[in-house]
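Encoded as structure tokens, the structure appears first; notes follow it.
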Amino acid sequence: MSKKQGLTKSQERRRIEGLRILARIIARHYMAHPELYPDPERPDGTEPSVNGHAPGEGKAAGKDGKHGP
């Protein structure tokens with residue numbers, strides 16, 4: 001048996017919210033500085049799709065439904 005206790009509901013909610021904030025920070029940095037991140041490319045020179053969509057197709061909305069920073 002493990003002596004390690006799990007997080008309380010409050011701690012788990014704070015952990016998840018912190019991860020969401022971190023993900024937004026990373027995504028905004030990526031969008032603001034695309035030159036720092038090389039484009040993924042397949043050996044045949046085409047770009048892979050992400051979640052069934054071609055890269056650059058449409059814009060992603062945040063949790064609040066707004067686009068961009």
Side-chain angles (χ1 to χ4, degrees):
M1 234 186 217
S2 175
K3 292 185 179 190
K4 195 175 188 181
Q5 292 185 350
L7 300 176
T8 65
K9 288 182 181 182
S10 175
Q11 290 172 323
E12 181 64 13
R13 278 193 304 270
R14 287 183 15 218
R15 184 184 78 84
I16 295 297
E17 186 59 26
L19 290 172
R20 286 181 178 140
I21 291 168
L22 179 59
R24 284 194 297 268
I25 291 168
I26 292 168
R28 287 178 180 168
H29 187 270
Y30 176 83
M31 297 302 288
H33 303 284
E35 71 280 1
L36 298 176
Y37 303 91
D39 290 332
E41 214 174 85
R42 292 183 182 155
D44 65 1
T46 61
E47 293 183 32
S49 66
V50 178
N51 294 330
H53 301 283
E57 185 181 289
K59 292 190 177 197
K63 181 179 175 186
D64 56 6
K66 294 179 182 176
H67 296 281

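Atom set for the values below is all heavy atoms of this structure, side chains included, hydrogens, waters and symmetry mates excluded.
- Residues satisfying the salt bridge (Lys or Arg N to Asp or Glu O under 4.0 Å) test with Arg14, not counting sequence neighbours, are none.
- The hydrophobic cluster around Tyr37 extends to Tyr30, Met31, Leu36, counting ILVMFWY residues whose side-chain heavy atoms fall within less than 4.5 Å of a member.
- A 4.5 Å side-chain heavy-atom check between Lys9 and Arg13 finds at least one atom pair inside the cut-off.
- Ile25 shares a hydrophobic cluster with Ile21; the chain of contacts runs through ILVMFWY side chains whose heavy atoms sit under 4.5 Å apart.
- In this structure, the side-chain hydrogen bond (donor to acceptor under 3.5 Å, both in side chains) partners of Arg15, at least two apart in sequence or on a different chain, are Glu12.
- For the side chain to side chain contact (heavy atoms under 4.5 Å, CB included) test, residues two or more places apart in sequence or in another chain that qualify with Gln11 are Leu7, Thr8.
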